[in-house]
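These notes are about the structure you will find just below.
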Amino acid sequence: MWAFHCPQTPQLPPHSSSRLLPPSKPPICCLSLNPSSTSTISKNNNNHMNNGRIQSLCKQGHLKQALQLLSAEPNLNQLTYELLLLSCTRHHSLSDARSVHSHLVDNGFDQDPFLATKLINMYAELGSIDHVRQVFDKTRNRTIYVWNALFRSLTLAGHGEEVLDLYRRMNRTGIPSDRFTYTYVLKACAASNCSSSLLNRGKEIHGHILRHGYDVNVHVMTTLVDMYARLGCVTYASVVFREMGVKNVVSWSAMIACYARNEMPFEALELFREMMIETHDTDPNSVTMVSVLQACAALAALEQGKLLHGYILRRGLNSILPVISALMIMYAKCGKLELGQRLFDQMDKKDVVSWNSLISSYGVHGFGEKAIQIFEEMINRGVSPSPISFISVLGACSHAGLVEEGKRLFESMRRDHKVLPGVEHYACMVDLLGRANMLEEAAKIIEDMRIEPGPRVWGSLLGSCRIHCNVELAERASKRLFKLEPTNAGNYVLLADVYAEANMWDEVKRVRKMLEARGLQKIPGRSWIEVKRKMHSFVSVDEFNQQFEELHAFLLKLCSEMKEKGYVPQTKVVLYDLDEKEKERIVLGHSEKLAVAFGLINTSKGETIRITKNLRLCEDCHSFTKFISKFANKEILVRDVNRFHHFRDGVCSCGDYL
DNA sequence: CTAGGGTTAG
């Protein structure tokens, strides 16, 4: 039904329709106003000089002098006000903006929708959202430009929900949206913190877009892909993407980024390949490369990553900072820390993200002291640490068990660097203390938090409780977590792990029932390995895999040999109360061990094995792999869902903190 | 006044 909208083609009136609006006349007469034949000019003749002088002072950046003329000049025209407002924006001066605004009000220009748009954009730029709302509220003639300016400002300031409410209001007034409106409201849907109601709003807007024929607009459709991507609806995103008639490099990049962001790195690489093969006029650019590199990093696909590096060099994209950061991280996560360091050393310009990338590179490899050292060097070079610098360095402390250093850095962040701790930082601290078995202190940190502890924080605590088998605290943390993210299966599994460790089998059963009752299930374990530039995939106890028999026999033999040398299967990871032999059989069928076996058979002597997993590495696979790295003298790299393990000579870079 | 990207983590 066309309740409030008329079906219309997206052809739009030129922006300047209301540009030369005389201040006090009602807007209706302005719509057909011909800019070249208006009374405005003759009216302005007598002060034409002052307008001209103020305008040129604005253009030259002399805002203060322009403002001095302003006080003695009541007859300014629209263009002069526009230039004054732009100049205030450029000078970041809210007080000057206020005085130009009130001058404009005094002279009856405050109902000019063109200037209202400019005022809104200016206040948004100056960070004063209250003034944005005020201008909007006082503007009676709300053209689509005025609405769009409001939506844009509120969206950029993170007031997504408010935009969606206002969008409803606009629809009720009967003003049709244009292509800009759609991009802003879609962004507002995506920018708000994920909730299912937002997804419904997004779908509703999607419907409006189709009904009004805007599905031919590349910008609108790309934003739609991105919205679904950010809300985690990969399927919707890909349907929209596939049905787009015209795609450009931005649309392709948005879809590739969607896969990379939603833990589907395979699909990201596959789509990239498709883009390379099937499009003739859309070459990937630096933005595309960044997402593809992330996918390689997630898969620890070093060979693919090296090919991309070559391509980046050939295309001359190798001096773009985001590309280099992404390359550094890719190399680090593929176990080639020194290659990332070399890239860093060769950069002639570095920004804070380059530094952060290096810090976290050392962090994931378990080199905590080195990470701190780089962090300090960054500060000494005059680069201010960002919130993420602290997450990176605190994460590194936590991996390396550097409790005191971590505390010291946490205290310095607000005091010395004016960085306010966010939930992520608290999560790092909880992790740091929790891993070091200072669980009470970790719980205390949460109690003392001034902001609402999110799922990350409670998740850190639960994770630590699992390591140190603290049933009581684990129950407290999971209670909160089940409320905050009821559909995250991982939390239930963690709690069940704690109970199993404590031999509380009835409780294990109870948690499993909770999972089932909510229609959730443990995600089946899956591992990938790159051999000769090809990825091979394994599922736990995968009888359908053609090589399963061979691999399983190989593992059985290996296992018994290792047992003689002291390997003890960690069967407690099996969450069923079965007998020991059966448990051993189950853990030996874990996908990661199949991948390790495949790697041992199919790689040459000095070659590193690189494996990726969709879940956390289980304790048995971890100790098994540690053992093998010594026993078979193999370097093995495993990329977890949330961590990175570099096994060498019987030890792991994670320091046994899974 | 429109669209895509870097560093983080249980």
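In what follows, chains are A, B, ... by sequence order, proteins preceding strands, each numbered from 1.
Separating the OG1 atom in T181(A) from the OH atom in Y167(A) is a distance of 7.5 Å, to the nearest 0.5 Å. Summarising the geometry, atom CZ belonging to F136(A) is positioned 9.0 Å from atom CG belonging to L154(A); distances are rounded to the nearest 0.5 Å.
A donor and an acceptor atom never sit less than 3.5 Å apart when one is taken from the side chain of S460(A) and the other from the base of dG10(B). Remark: the N285(A) side chain and the dG4(B) base include a donor-acceptor N/O pair separated by less than 3.5 Å.
One atom, CD1 of I388(A), and another, C1' of dT7(B), lie 5 Å apart when rounded to the nearest Å. Residue R616(A) contributes atom CZ, which lies 10 Å from atom P of dG10(B) at whole-angstrom precision. Atom NZ in K349(A) sits roughly 21 Å away from atom P in dG6(B) (whole-Å rounding). Straight-line distance from the CG atom of D178(A) to the P atom of dA3(B): 13 Å, rounded to whole Å. Atom pair L293(A):CG and dG4(B):P shows a separation of 19 Å (rounding to whole Å applied). I209(A) places its CD1 atom 12 Å from the C1' atom of dT2(B), with the value rounded to the nearest Å. Going from atom CG of L394(A) over to atom C1' of dT7(B) covers 14 Å, rounded to whole Å. With rounding to whole Å, D497(A) atom CG is found 13 Å from dG10(B) atom C1'.
Nowhere does DNA chain B pair in an unbroken run of 3 or more (Watson-Crick or G-U, both distances under 3.5 Å).
The phosphate of dG5(B) has OP1 or OP2 within less than 4.0 Å of a side-chain N or O from R261(A). For the pair R152(A) and dA3(B), the criterion of a side-chain N or O lying under 4.0 Å from OP1 or OP2 is not met. Between K350(A) and dG6(B), a side-chain N or O to OP1/OP2 separation shorter than 4.0 Å is absent. In terms of phosphate contacts, Q294(A) brings a side-chain nitrogen or oxygen within less than 4.0 Å of OP1 or OP2 of dG6(B).
Across all strands, V225(A) comes closer than 4.0 Å to no nucleic acid atom at all (heavy-atom distances). At the heavy-atom level, V218(A) lies under 4.0 Å from base atoms of the strands shown. S286(A) comes within 4.0 angstrom of a nucleotide base, judged by non-hydrogen atoms across all strands. Note on Y184(A): a base of the nucleic acid sits closer than 4.0 angstrom, heavy atoms only. At a threshold of 4.0 angstrom between heavy atoms, the contacts of T288(A) include nucleobase atoms, whether or not backbone atoms are also involved. Note on E485(A): a base of the nucleic acid sits closer than 4.0 angstrom, heavy atoms only.
The side chain of S291(A) has dG5(B) as its nearest neighbour among dG5(B), dT8(B), dA3(B). Which of dG6(B), dG5(B), dG10(B) sits closest to the side chain of H399(A) comes down to dG10(B). Considering only the side chain of N217(A), dT2(B) comes nearest among dG6(B), dT7(B), dT2(B). Picking from dG10(B), dA9(B), dG4(B) the nucleotide with the shortest atom distance to the side chain of V364(A) gives dA9(B). Nearest to the side chain of V250(A), among dA3(B), dT2(B), dG6(B), sits dA3(B). The side chain of V353(A) approaches dG6(B) more closely than any other nucleotide in the set dG6(B), dA9(B), dG5(B). Relative to the side chain of E424(A), the nucleotides dG10(B), dA9(B), dG5(B) differ in distance, and dA9(B) lies closest. Picking from dC1(B), dG5(B), dA3(B) the nucleotide with the shortest atom distance to the side chain of I320(A) gives dG5(B). Set against dC1(B), dG6(B), dG4(B), the side chain of D226(A) has dG4(B) as its closest nucleotide. Taking every side-chain heavy atom of V290(A) into account, dG5(B) is the closest of dG5(B), dA9(B), dT2(B).
Y123(A) is linked by a ring-ring contact (aromatic ring centres under 6.0 Å, His included) to H101(A), H131(A), counting only residues two or more places apart in sequence or in another chain. For D283(A), the side-chain contact (heavy atoms from CB on, under 4.5 Å) criterion is met by R315(A), not counting sequence neighbours. For the side chain to side chain donor-acceptor pair (under 3.5 Å) test, residues two or more places apart in sequence or in another chain that qualify with T279(A) are T282(A). Judged as a ring-ring contact (aromatic ring centres under 6.0 Å, His included), and not counting sequence neighbours, the contacts of Y81(A) are H103(A), F109(A). With sequence neighbours excluded, the residues forming a side-chain contact (heavy atoms from CB on, under 4.5 Å) with A436(A) are V403(A), M438(A), listed by chain and number.
By the 4.0 Å N-to-carboxylate-O rule, K118(A) lies too far from D112(A) to be salt-bridged with it.
A donor-acceptor contact closer than 3.5 angstrom is absent between the side chains of H206(A) and Y236(A).
At most 12 heavy atoms of other shown residues, nucleotides or ligands fall within 6.0 angstrom of atom CZ in R476(A).
Taking a centre distance below 5.5 Å and an interplanar angle below 30 degrees as the stacking criterion, F180(A) does not stack against the six-membered base ring of dT2(B).
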